[in-house]
Amino acid sequence: MAPTLATISINSNTWDVKNFVVNEGHGVKGLADMGIQTLPKQYIQPLEERITSSDVVVDEEQCIPVIDLSNWNDTKVDNMICNAAEKWGFFQIVNHGIPIKVFENVKDATHRFFALSAQEKNKYSKDYSCTNNVRFGTSFTPQAEKALEWKDYLSLFYVSDEEASALWPPACRDEALEFMKQTELVIKRLMESLMKGLNVKEIDEDRESLLMGSKRINLNYYPKCPNPELTVGVGRHSDVSTLTILLQDNIGGLYVKKLGNETWLPVPPISGALVINIGDALQILSNGRYKSIEHRVIANGSNNRVSVPIFVNPKPNDVIGPLQEVLESGEKAVYKQVLYSDYVKHFFRKAHDGKDTVDFAKI
């Protein structure tokens with residue numbers, strides 16, 4: 001049974017908040033459900049990691065691009081996708097052909113999973129899950145973080161429908177699988193457009209493995225926070241994927257760093273849209289032409305928020321480095337050849353630290 005505000009003091013020395021949240025599986029949702037009025041000290045971020053109004057640019061002309069895919073055969077669409085990948089690293093897509101009901105179902109399934117008891121969710125934690133491919137957790141890397149992030153998540157690595165049916169939580173399994181299936185064509189078309197910009201004429205079997213050989217879907221839950229200005233939902237980072245496909249709800253809270261300066265741009269929720277961002281792997285494969293951009297999520301003092309990203313990745317045993325077609329014109333390689341699994345291990349062994357991970361692959 002979870003403690004209550006009547007039985008504990010949040011910032012006392014006698015109650016182990018981290019044990020309650022991380023080890024016992026209550027997550028930050030467990031804290032929020034207790035009705036806490038003060039943010040536990042374990043979540044207070046240093047000043048430099050908090051986002052303030054002076055850091056944010058709210059200007060319609062400074063928003064990330066929104067690309068209409070209703071006429072994808074038009075070469076202008078290819079150009080807009082490549083331009084957005086080069087200059088912004090982020091864009092939103094509309095009229096992509098995926099039914100809105102699929103989005104609503106997976107968002108509802110996310111709420112349903114996180115409404116389960118701590119005991120039920122903890123069956124999928126690092127200590128108790130029967131597979132590394134299914135992981136319930138909180139924050140990012142609690143053992144490496146000086147301050148925790150205000151987020152719980154369920155991470156599902158896709159191997160096959162059979163494994164997903166057997167091992168993914170029934171509360172969200174079918175909806176997560178359907179969302180992944182429905183995005184397959186969109187992911188393939190996006191990748192084709194991006195490869196055209198790199199003079200890659202054809203995505204053969206080897207290239208397909210390198211660009212989209214594995215996928216992971218996360219269900220993220222950000223509960224209402226008592227002091228959102230003191231913490232973060234997710235700290236500054238870039239993704240290790242080739243592409244990330246993000247479904248966000250209508251609450252908002254995602255911010256993207258503007259290329260070339262220190263300001264942050266909000267990514268406003270658009271009904272029916274998906275947010276697309278370039279990951280580190282594609283930045284490396286494109287020799288820096290496509291940009292993997294820092295982003296973060298703020299905590300919210302009024303509402304619970306959910307988001308569902310699909311991370312499209314190389315296979316773990318693939319070696320990533322600048323594509324041959326990119327270097328054919330004599331362009332000098334900026335990145336070395338790196339085993340993708342080594343790159344991912346480097347990312348996950350430390351706290352979020354902006355764009356520092358990509359330096360691991362620089363020559």
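Basis for what follows: all heavy atoms, side chains included, without hydrogens, waters or symmetry-related copies. Since we're looking at a predicted model, the values are computed, not measured.
- Counting all heavy atoms, side chain and backbone alike, E149 lies closest to V28 at O-CG1, 4.3 Å.
- Side-chain atoms of W150 and P228, non-hydrogen and from C-beta on, never get closer than 4.5 Å to each other.
- Aromatic rings of H295 and F90 (six-membered ring for Trp) have centroids within the 6.0 Å cut-off, being under it.
- Side chain to side chain, Y222 and N304 fail the donor-acceptor criterion of an N or O pair below 3.5 Å.
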Can you give me every donor-acceptor pair (side chain of residues 310-321, partner residue at least two apart or in another chain, under 3.5 Å) with its distance?
unit_1	atom_1	unit_2	atom_2	d
N313	OD1	Y340	OH	3.4
N313	ND2	F311	O	3.4
D318	OD2	S209	OG	3.1
D318	OD2	K315	N	3.0

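- Between the side chains of Y335 and Q283, at least one donor N or O sits under 3.5 Å from an acceptor N or O.
- A donor atom on one side chain and an acceptor atom on the other are not found under 3.5 Å apart for E328 and N199.
- Taking the six-membered ring where tryptophan is involved, the planes of F114 and F136 are tilted, since the angle between them lies from 30° to 60°.
- I64 and I251 end up in different hydrophobic clusters when Ile, Leu, Val, Met, Phe, Trp and Tyr side chains are linked at under 4.5 Å.
- Residues V66 and F103 fall into different hydrophobic clusters, defined by Ile, Leu, Val, Met, Phe, Trp and Tyr side chains chained together at heavy-atom separations under 4.5 Å.
- Using a distance-only test at 3.5 Å, with no hydrogens or angles considered, a donor-acceptor pair links the side chain of S129 to the main chain of V134.
- Remark: the backbone N or O of K151 is paired with a side-chain donor or acceptor of T138 at under 3.5 angstrom.
- One N or O on the side chain of N300 and one on the backbone of S302 form a donor-acceptor pair closer than 3.5 Å.
- V232 places none of its side-chain heavy atoms less than 4.5 Å from the side chain of I298.
- In this structure, Q92 and C63 have side chains that are not in contact, with every pair of non-hydrogen atoms separated by 4.5 Å or more.
- Looking at every heavy atom in both residues, I217 comes nearest to A176 through CD1-O, 3.8 Å.
- Of the possible donor and acceptor atoms, one in the side chain of H237 sits under 3.5 Å from a partner among the backbone N and O of G235.
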- [ ] Would you check, one step at a time, whether the test side chain to side chain contact (heavy atoms under 4.5 Å, CB included) holds for Q45 with T231?
- [x] CA-CA 5 Å; Q45 295 284 334; T231 191; 4.1 Å; yes
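- Contact annotation: the side chain of P169 approaches that of Y124 to within less than 4.5 Å [non-hydrogen atoms, C-beta and beyond].
- One N or O on the side chain of D16 and one on the backbone of K18 form a donor-acceptor pair closer than 3.5 Å.
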Open item on the list: Does N287 form a side chain to side chain contact (heavy atoms under 4.5 Å, CB included) with E331? I'd like the steps, not just the answer.
Closed with: CA-CA 9 Å; N287 205 36; E331 187 175 319; 2.9 Å; yes
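- Residues passing the ring pair (Phe, Tyr, Trp, His ring centres under 6.0 Å) test with F91: none are found, sequence neighbours excluded.
- The distance from atom CG of L274 to atom CG of L69, rounded to the nearest 0.5 Å, is 9.5 Å.
- Looking only at distances, no side-chain donor or acceptor of N277 sits under 3.5 Å from a matching main-chain atom of G89.
- Judged purely by atom type and a 3.5 angstrom limit, R135 has no side-chain atom pairing as donor or acceptor with the backbone of S155.
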Task: Audit row: V21, L31, side chain to side chain contact (heavy atoms under 4.5 Å, CB included) steps and yes/no - done: CA-CA 8 Å; V21 171; L31 292 176; 3.7 Å; yes
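- Looking at N19 and N23, their side chains do bring a donor and an acceptor atom within 3.5 Å of each other.
- Going from atom NZ of K123 over to atom SG of C130 covers 11.0 Å, rounded to the nearest 0.5 Å.
- Between the CG atom of N303 and the CG atom of D249 there is a distance of 8.5 Å, given to the nearest 0.5 Å.
- Summarising the local packing, CD of E205 is surrounded by 12 or fewer heavy atoms from other residues, nucleotides or ligands at distances under 6.0 Å.
- With hydrogens and angles ignored, the 3.5 Å screen pairs no side-chain donor or acceptor of N220 with any backbone N or O of Y153.
- Placement of L282 and M80 within a single hydrophobic cluster is found when ILVMFWY residues are connected by side-chain heavy-atom separations under 4.5 Å, directly or transitively.
- With rounding to the nearest 0.5 angstrom, the CG atom of L154 is 5.0 Å from the SG atom of C172.
- Using a 4.5 Å cut-off on side-chain heavy atoms (C-beta onward), V256 and R296 make no contact.
- Side-chain contact check for F20 versus M34: some heavy-atom pair is nearer than 4.5 Å.
- Contact detail for I93 and H96: the closest heavy-atom pair is O-CD2, 3.5 Å.
- In this structure, I100 is a member of the same hydrophobic cluster as I245, with clusters built from ILVMFWY side-chain heavy atoms closer than 4.5 Å.
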Give every donor-acceptor pair under 3.5 Å between a side-chain atom in residues 181-188 and any protein atom, sequence neighbours left out.
unit_1	atom_1	unit_2	atom_2	d
K181	NZ	D161	OD1	3.1
K181	NZ	D161	OD2	3.3
Q182	NE2	E178	OE2	2.8
T183	OG1	F179	O	3.3
T183	OG1	M180	O	2.8

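- In this structure, the side chains of P309 and L246 come closer than 4.5 Å at one or more pairs of heavy atoms.
- Note that CG of L285 and CG of L211 are 6.5 Å apart. Values are rounded to the nearest 0.5 Å.
- Classification of D78 and K196 as a salt-bridged pair holds, one side-chain N sitting under 4.0 Å from a carboxylate O.
- The shortest heavy-atom contact between K224 and A32 is O-CB, 3.8 Å.
- Scanning all heavy atoms of the two residues, the minimum distance from N122 to E24 falls at ND2-O, 3.4 Å.
- The minimum heavy-atom distance between P46 and A147, with the atom names listed, is CD-CB, 4.5 Å.
- Taking 4.0 Å as the cut-off between side-chain N and carboxylate O, R112 and E175 count as a salt-bridged pair.
- We find that E86 and R289 are not joined by a salt bridge, their nearest charged nitrogen and carboxylate oxygen being 4.0 Å or further apart.
- Contact of the W72 side chain with the R189 side chain is registered, since non-hydrogen atoms from C-beta on lie closer than 4.5 Å.
- In this structure, R305 contributes its side chain and G252 its backbone to a donor-acceptor pair below 3.5 Å.
- Between N133 atom CG and W168 atom CH2 the span is 9.5 Å, to the nearest 0.5 Å.
- Grouping the Ile, Leu, Val, Met, Phe, Trp and Tyr side chains by contacts below 4.5 angstrom, directly or via other members, places V240 apart from F157.
- Side-chain contact check for D127 and S125: no donor-acceptor pair (N or O, by modelled atom type) lies under 3.5 Å.
- The closest donor-acceptor contact from the side chain of D152 to the backbone of K29 lies under 3.5 Å.
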- [ ] List the steps, then state whether side chain to side chain contact (heavy atoms under 4.5 Å, CB included) holds for I203 with M212.
- [x] CA-CA 10 Å; I203 300 178; M212 42 191 165; 4.3 Å; yes
